[in-house]
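Structure first, commentary second.
One-based numbering, in listed order, for ligands and for the atoms of each. Counting begins at 1 with the first residue of the sequence. All heavy atoms count here, side chains included; hydrogens, waters and symmetry mates do not.
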Amino acid sequence: MIIEGLKSHGSGNDFLIIDELTTTLTFTEEERENFAKALCNREKLGADGILFVMKSEHADCRMRVFNADGSEASMCGNGLRCVARYANDVLGLDKMIVETMKANLLVEKTEDIYEGIPTFKVEISPVSFNVKDLPLVLAKEQLQNETLPELHDTLLFSALAVPNPHLITLVDSDVLQSDLQEELSTKVNQPNELFPDGVNVSFVKELEPGSIYVRTFERGVGFTNACGTAMSASSLVTCSVGLNALESEISVYNNGGKVKCVVHHDVESQTYSIDLIGNATYEFKVSIEIDLDQPEKFEMLEKEDFELETSLYAKLQDEVQSYLRTKL
Ligand SMILES: N[C@@H](CCC[C@H](N)C(=O)O)C(=O)O
């Protein structure tokens, strides 16, 4: 069969969008998993994940996200911005509700984060600090800015689901430059007793008031340029420890660019939600000939690059990386 894919990225966290919204395409669960494994392989096409954009009975459209290893994730913040842009293009709506595995989320087109860069604001919610929601197997209800001696003696960790699972720690430059993140992340993303479903692990460093840097080892992928849900969860953690303020913009730098996050707290319901604001950039359109029984043998037939927006994004990335060189 031939499928049309749209390669896109949010902060360099890249995805292949497959449209089941305006086409008659549909896949079995096994096909989705196998497509993700085959198409994300960086030796051929390459991506951190696949985003299936689908019809929804409850919302304007639905997003399903599959990691590069074929596992399905409940949420993807950078991916949701890409889906928001795509759905905005095909449905013509600036504001939409997108159904995801655990929540229907508000997405909207917003002011460009940088000249000429299509920018979307997406809702990251629900948020839970209950360890059962990650799951994290621990003999207490929450882990907030505390040690996790089974993992490390001195680092202070926070565990939260947004709703995909995150483990976050604030570190200094020395720790950031060491191999510790890779070592710990590998441990909690192979069969282990703490995180039976694995977890996204972020090391966070304060850059200056209102600005942080986040690097994430993603479950099902490995280190990525950025992880939207991780940057949102990290912003919330920095508010909880008093580094940043609720209801105000936090600049979140990453290896693939920069986003803005605003953490909201509803006092009455005692719930949090986060706005994640950043680019949704198209890289190229591609026609793929793929055999459902042997997806790894797929062929790319035609490819059309989005040169202008890729070059505009490169300018943002240059500025971000030169700023980071002075701060990390
Ligand atoms: N990159 C995504 C998160 C993708 C899912 C994650 N790897 C998981 O398994 O939870 C983001 O931008 O949030």
Side-chain angles (χ1 to χ4, degrees), residues 7-17 32-33 36-37 39-40 42 46-53 63-86 98 100-103 105 107 119-128 133-136 159-168 181 185-186 188-190 192 195-202 204 214-237 252-261 273-281:
K7 183 75 187 317
S8 60
H9 77 84
S11 282
N13 189 197
D14 59 349
F15 309 95
L16 189 73
I17 293 180
R32 290 181 200 283
E33 178 184 335
K37 286 182 190 156
L39 298 172
C40 292
R42 298 228 176 246
D48 294 322
I50 305 286
L51 302 168
F52 294 97
V53 186
M63 170 181 87
R64 286 185 72 182
V65 51
F66 283 71
N67 289 317
D69 71 351
S71 59
E72 183 172 11
S74 54
M75 221 333 238
C76 178
N78 292 328
L80 185 57
R81 297 203 309 278
C82 296
V83 168
R85 175 168 176 197
Y86 184 69
V98 180
T100 64
M101 188 192 285
K102 295 194 178 162
L105 300 171
V107 304
T119 301
F120 285 78
K121 172 164 93 175
V122 302
E123 175 189 356
I124 305 295
S125 127
V127 174
S128 168
D133 290 326
L134 281 91
L136 161 59
L160 63 163
V162 298
N164 60 339
H166 291 272
L167 182 68
I168 290 163
Q181 186 176 10
S185 308
T186 307
V188 292
N189 282 291
Q190 60 194 20
N192 75 98
F195 296 93
D197 296 348
V199 66
N200 300 291
V201 182
S202 296
V204 179
V214 179
R215 184 179 67 196
T216 306
F217 183 104
E218 281 193 41
R219 170 179 74 161
V221 193
F223 280 111
T224 56
N225 281 321
C227 172
T229 44
M231 294 187 286
S232 307
S234 301
S235 296
L236 168 50
V237 168
V252 187
Y253 291 82
N254 54 67
N255 287 346
K258 174 189 171 180
V259 299
K260 290 188 274 185
C261 287
S273 71
I274 304 132
D275 293 338
L276 169 67
I277 303 150
N279 75 299
T281 301

Selected option - heavy-atom contact closest to atom 11 (C) of ligand 1, from P163, G222, G77, A73: G77
So for N13, does at least one of its heavy atoms come nearer than 4.0 angstrom to any atom of ligand 1? yes
Judged by modelled atom types alone, do N225 and N255 share a side-chain donor-acceptor pair under 3.5 Å? no
Specify the protein heavy atom at minimum distance from atom 4 (C) of ligand 1: its residue, its atom name, and the distance to 0.1 Å. E218 OE1, 3.3 Å
Check ligand 1 against N67 and write out every atom of the ligand that is under 4.0 Å from a heavy-atom position of the residue. 4 (C), 5 (C), 6 (C), 7 (N), 8 (C), 9 (O)
Any non-hydrogen side-chain atom of M63 less than 4.5 Å from a side-chain atom of F52? no
Report the nearest protein non-hydrogen atom to atom 12 (O) of ligand 1: residue, atom name, distance rounded to 0.1 Å. G228 N, 2.6 Å
Under 4.0 Å, heavy atoms only, figure out whether ligand 1 is touched by the backbone of N164, its side chain, both or neither. side chain
Would you say M231 touches ligand 1, if touching means a heavy atom closer than 4.0 Å? no
What is the closest protein heavy atom to atom 13 (O) of ligand 1, and at what distance does it sit? T229 OG1, 2.6 Å
Among all the protein's non-hydrogen atoms, which is closest to atom 6 (C) of ligand 1, and how far away is it? N200 OD1, 3.4 Å
Say whether N67 and S71, considering side chains only, have a donor N or O and an acceptor N or O under 3.5 Å apart. yes
How far is atom 2 (C) of ligand 1 from the closest protein heavy atom, and which atom is that? C76 SG, 3.2 Å
Subset of ligand 1 atoms that lie under 4.0 Å from at least one heavy atom of M75: 3 (C), 4 (C), 5 (C)
So for G220, does at least one of its heavy atoms come nearer than 4.0 angstrom to any atom of ligand 1? no
Whether R42 and D14 form a salt bridge (side-chain N of Lys/Arg under 4.0 Å from carboxylate O of Asp/Glu) is what I want to check. yes
Under 4.0 Å from any heavy atom of N78, which atoms of ligand 1 are there? 11 (C), 12 (O)
